[in-house]
Amino acid sequence: MSKLAELQRVIAGIPRGKVITYGQVAAIAGFPGAARLTVRALYRGAGLPWHRVVAAGGRIALTGQEGQEQRLRLSMEGVTFRGDRVRMDRHAWNPKVRKQRRGS
DNA sequence: GCCTTGACAATTC
DNA sequence: AGAATTGCCAAGG
């Protein structure tokens with residue numbers, strides 16, 4: 001398993017209607033502070049929900065048409081915005097908050 | 001093995 | 001508030 005595959009796994013696990021920051025993805029995958037690795041993972045990754053990954057503070061890093069598309073895709077999934085930023089208060093995905101299914 | 005590339009992040013001026 | 005600076009880590013040439 002390549003390192004980037006770890007990042008890709010995290011990205012692939014983002015549920016619909018939720019978003020996460022580059023830094024968060026990296027941190028969860030085991031590379032705290034390596035937000036740029038997330039970028040690489042997205043470049044290499046195929047079929048990943050790239051639009052669910054945003055920059056710090058819910059900012060959309062992509063520019064031009066790509067950025068517009070990302071925003072469009074997110075809004076279609078129910079994600080709301082505040083100005084040019086995603087409302088992280090509502091849509092930030094916290095894997096740690098995910099409850100383990102099946103109990104005893 | 002060194003240098004470059006990346007859709008970043010946090011700090012500072 | 002916006003621009004500049006530094007740090008971060010892995011993969012490819």
> How close or far is atom P of B/dT4 from atom CZ of A/R40, stated in whole angstroms?
Replying inline: 14 Å
> Any donor-acceptor pair under 3.5 Å joining the side chain of A/R36 to the base of B/dT5?
Replying inline: no
> Looking at the side chain of A/T21, which of B/dA9, C/dA10, B/dA7 is the nearest nucleotide?
Replying inline: B/dA9
>> Taking A/K3 first and then A/E6, would you say they form a salt bridge - that is, a charged N and a carboxylate O separated by under 4.0 Å?
In response: no
> When you measure from the side chain of A/H51 to the backbone N and O of A/E69, does any donor-acceptor pair fall under 3.5 Å?
Replying inline: no
>> What is the separation between atom NZ on A/K3 and atom P on C/dC9, rounded to the nearest whole Å?
In response: 12 Å
> Think A/R44 has a side-chain N or O under 4.0 angstrom from the OP1 or OP2 of C/dG12?
Replying inline: yes
> What is the distance, rounded to the nearest whole Å, between atom CG of A/L37 and atom P of B/dA9?
Replying inline: 12 Å
> How many Å lie between CG on A/L7 and C1' on B/dG6, as a whole number?
Replying inline: 12 Å
>> Between A/E77 and A/R73, does any side-chain N to carboxylate O distance fall below 4.0 Å?
In response: no
> What integer distance in Å separates A/Q8:CD from C/dA10:P?
Replying inline: 15 Å
> Considering only C/dA11, C/dC8, B/dA9, which nucleotide approaches the side chain of A/A35 most closely?
Replying inline: B/dA9
>> Please pick, from C/dG7, B/dA7, C/dA10, the nucleotide with the shortest atom-to-atom distance to any side-chain atom of A/W50.
In response: B/dA7
>> Which nucleotide wins on minimum distance to the side chain of A/Y43, given the candidates C/dC9, C/dA11, B/dA7?
In response: B/dA7
> Between C/dA1 atom P and A/D84 atom CG, what is the distance in whole Å?
Replying inline: 13 Å
>> Categorize A/L62 for me: base, sugar-phosphate, or nothing, with a 4.0 angstrom heavy-atom threshold over every strand shown.
In response: base
> Taking CD from A/Q24 and C1' from C/dC9, how many angstroms apart are they, rounded to a whole number?
Replying inline: 17 Å
> Atom CZ of A/R59 to atom C1' of B/dA10: distance rounded to whole Å?
Replying inline: 12 Å
>> Test your reading of the model: is there a side-chain donor-acceptor pair from A/Q70 to the backbone of A/V53, 3.5 Å cut-off?
In response: yes
> Does the side chain of A/Q24 come within less than 4.5 Å of A/T38's, by heavy atoms?
Replying inline: no
> If you check every side-chain atom of A/L4, which of C/dA11, B/dA7, B/dC8 has the closest atom?
Replying inline: C/dA11
>> Between the base of B/dA7 and the side chain of A/Y22, is there a donor and acceptor pair under 3.5 angstrom?
In response: yes
